[in-house]
Amino acid sequence: METSQSIGTYLIQRLHAYGVRHVFGVPGDYVLGFFQQLVESPLQVVNTCDEQGAGFAADAYARVRGLGAVCVTYCVGGLKVANTTAQAFAEKSPVVVISGAPGTKERVKNPLLHHKVRHFDTQHKVFEQLTVASTVLSDPETALREIDRVLAAAMRYRRPVYIELPRDMISAPGLASHRPQEAQDVSDPESLGEAIREATGMINQARQPVIIAGIELHRFGLQDALLQLIEKTNIPVAAMLLSKSVIGERHPRYLGVYEGAFGYEEVRAYVESSDCLILLGAIMSDMDLGMYTANIDQGRSISVTSEKTSIRHHVYEGILLEDFLQGLIAADIKPREPGAIPHPEPPVAFSPVPGAKITVRRMFQRLNAFLDDDTVVIAEPGDALFGSADLFIHGHTEFLSPAYYTSMGFAVPACIGAQLGNPQRRPLVIVGDGAFQMTGMELSTAVRFSLNPIVVVLNNSGYGTERPMLDGPFNDILPWRFSRLPEILGSGKGFNIETEEQLDAALQAARAYTEGFCILDVHLDSYDISPALQRMTNMLGKRVK
Ligand SMILES: Cc1ncc(C[n+]2csc(CCOP(=O)(O)OP(=O)(O)O)c2C)c(N)n1
Ligand SMILES: [Mg+2]
């Protein structure tokens, strides 16, 4: 006779099969049974200070590892990860949201059970809007199949999914005869063949083809395939802000970050003078396209994402991004002469000017010289992100930032997910003082789990990004003594930084100290912003007034 597995343990087994080793979350009575199952499983529970921290950590984990999971209790926890799940949806990061819920038997007669908002399905309805697939596991007959369906959707679309576990279902046996199903999508061979032929012809006839490598290449693990295509054809490649580090930035065919009028003029001019743009997995957001100052003509473009393939104005159905990329690698594309192209300036050795007060520009120069092969940079929205666009990232997927959805509060919790997801990389977190005040106390979780991020706080006394658009007391915040957090957390090293020399010394000390986190409180003038942010706020300011 076949033995049946419980619904909860089956979910754990499937997450494990997809490479998940850590689950981030905060328990509550509706989900405690599942936490117990997790503790007894090969997955490690990483309980954070707050659910939002867990949600961002799971998102970062998914970005570096391919799939992440967050586990919370009903509504009070679940609704706190609505924002982080929205970000994962918008930026195509596959996070499995697992929420406990009142048991199916507790729901009869519609009692007012604690944490209920309006109806028992209110939370599920919210998450239907924020995920690519969702399910409430209320029927043991279908529960295991539902788990397979929802996880397959997360992998197919690289977007979040929602699984609600009524508490009386956690240990309930699923169907004994069930076998795991992993839906394997395939491209339509004729459609793919025709698209590759049209693309090959267009590329071969082009004077100056350029690849724009988008975020989906990270999400589908296609960074090496991209490299193969570039090395075979010598076609130059630009990244976007969201996809930055899709290719190691020292590669000789790398142009830099293309972001319309916000980026470097040479990159913009080179990309926009191309007669054949090959957009691979790109999200065309205002942030990535310099508030739509970018000039991309569909009539000169080949554009392929997990959702749509178009070549000039022809649309092809049924093509997977990975198959298209492999098709291009195999196609008869004639290699180009590797002529001169724009290329980002490599960092120069930094010599601190004695006594000089630190500025945003000099801080980023110093950070640039600090990066090495083992660093993953996590940049928070704000000037941390805009200034980081110029950092020279060594390896692929060593730069993480929510550059499209731009929710503050991502970077510190993200370093927990990023370092647990890939322990070979030490996180360098670049975060504004305002954003740090939202989720920075998750450093507590980093300490508990023996992580050692280096956190650089851009302390400009408030919401610097907003000041040039419209200033007022709403952009001011209470000054915190960030460098004294090690006293509160009982671990780590803090540095108070006013000058170039102090920054230099602190970074050297941080490199040498690997036993715990380091926090660098970098005091900047309230109105000192990076040149990239200056260009952007000039444009945005015109819209809010
Ligand atoms: C969750 C969230 N709330 C509000 C905003 C709007 N917002 C964008 S930038 C910014 C200020 C960020 O301040 P800080 O983190 O100190 O970085 P700085 O702008 O000073 O570099 C705000 C409030 C946002 N992006 N995300
Ligand atoms: Mg600030």
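Note that the structure is predicted; figures quoted are calculated from it, not measured. Order of listing sets the numbers, starting from 1, for every ligand and every atom in it.
Using a 4.0 Å cutoff on heavy atoms, Asp433 counts as a contact of ligand 1.
Classification of the Tyr162-His124 ring pair by plane angle, with boundaries at 30° and 60°, yields parallel. In this pair, His114 and Tyr30 present their aromatic rings parallel. The plane angle is below 30°, not in the 30 to 60° band. Classified by interplanar angle (parallel below 30°, tilted 30° to 60°, perpendicular above 60°), the ring pair Phe120/Tyr74 is parallel.
Because the distance cut-off is set at 2.8 Å, Asp383 fails to qualify as a neighbour of the Mg ion (ligand 2), as none of its N, O or S atoms comes that close. At a cut-off of 2.8 Å, Asn460 is counted among the residues with an N, O or S atom near the Mg ion (ligand 2). For the Mg ion (ligand 2), the N/O/S atoms of Ala435 include none lying under 2.8 Å.
A salt bridge between Arg268 and Glu259 is absent, with no side-chain N of the basic residue lying under 4.0 Å from a carboxylate O of the acidic one. Here Asp121 does not pair with Lys116 in a salt bridge; the nearest charged N to carboxylate O distance is not below 4.0 Å. Using a 4.0 Å cut-off between charged side-chain N and carboxylate O, Glu398 and Arg425 make a salt bridge.
By the 3.5 Å distance cut-off applied to N or O atoms, Asn460 is counted among the residues near ligand 1. For Gly462, a nitrogen or oxygen atom sits less than 3.5 Å from a nitrogen or oxygen atom of ligand 1, counting backbone and side chain alike. Considering backbone and side-chain N/O atoms, Gly464 comes within less than 3.5 Å of an N/O atom of ligand 1. In terms of polar-atom proximity, Met438 is not counted as a contact of ligand 1, lacking any N or O under 3.5 Å from an N or O of the ligand. Annotation: Asp383 places an N or O atom under 3.5 Å from an N or O atom of ligand 1; distance criterion only. Residue Gly382 has no N or O atom closer than 3.5 Å to an N or O atom of ligand 1.
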TODO: Evaluate the criterion salt bridge (Lys or Arg N to Asp or Glu O under 4.0 Å) for residue pair Arg511 and Asp374; output intermediate values, then yes/no.
DONE: CA-CA 11 Å; Arg511 171 138 293 148; Asp374 302 324; over 6 Å; no
Task: Test side-chain hydrogen bond (donor to acceptor under 3.5 Å, both in side chains) applied to Tyr264 and Asp390, step by step - done: CA-CA 9 Å; Tyr264 283 103; Asp390 295 341; 3.2 Å; yes
Open item on the list: Test side-chain contact (heavy atoms from CB on, under 4.5 Å) on Val81 and Phe56; report intermediate values, then the result.
Closed with: CA-CA 8 Å; Val81 297; Phe56 283 137; over 6 Å; no
TODO: Might you work through the side-chain hydrogen bond (donor to acceptor under 3.5 Å, both in side chains) test for His396 and Ser245, ending with a clear yes or no?
DONE: CA-CA 5 Å; His396 75 63; Ser245 83; over 6 Å; no
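Ligand-side atoms of ligand 1 in range of Gly434: 14 (P), 15 (O), 16 (O), range being under 4.0 angstrom from any heavy atom. With ligand atoms numbered from 1 in the order given, ligand 1 contributes 24 (C), 25 (N), 26 (N) to contacts under 4.0 Å with heavy atoms of Thr406.
Residue, atom and distance of the protein heavy atom nearest to atom 17 (O) of ligand 1 are Gly432 CA, 3.8 Å. Atom 9 (S) of ligand 1 has as its closest protein heavy atom Thr465 CB, 3.8 Å. Nearest protein neighbour of atom 13 (O) of ligand 1, counting heavy atoms only, is Tyr463 CD2, 3.3 Å. Of all protein heavy atoms, the one lying nearest to atom 15 (O) of ligand 1 is Ala435 N, 2.8 Å.
Side-chain N/O atoms of Gln508 and Asp504 include a donor and acceptor closer than 3.5 Å.
Proximity of Glu466 to ligand 1, defined as any heavy-atom pair under 4.0 Å, is confined to the side chain (atoms from C-beta onward).
For Asp433, the N/O/S atom at the shortest distance from the Mg ion (ligand 2) is named OD1.
A cation-pi arrangement is absent between Arg250 and Phe392 under the rule of less than 6.0 angstrom and at most 45 degrees off the ring axis.
For the residues Met408, Gln437, Met469, the heavy atom positioned nearest atom 4 (C) of ligand 1 is part of Met408.
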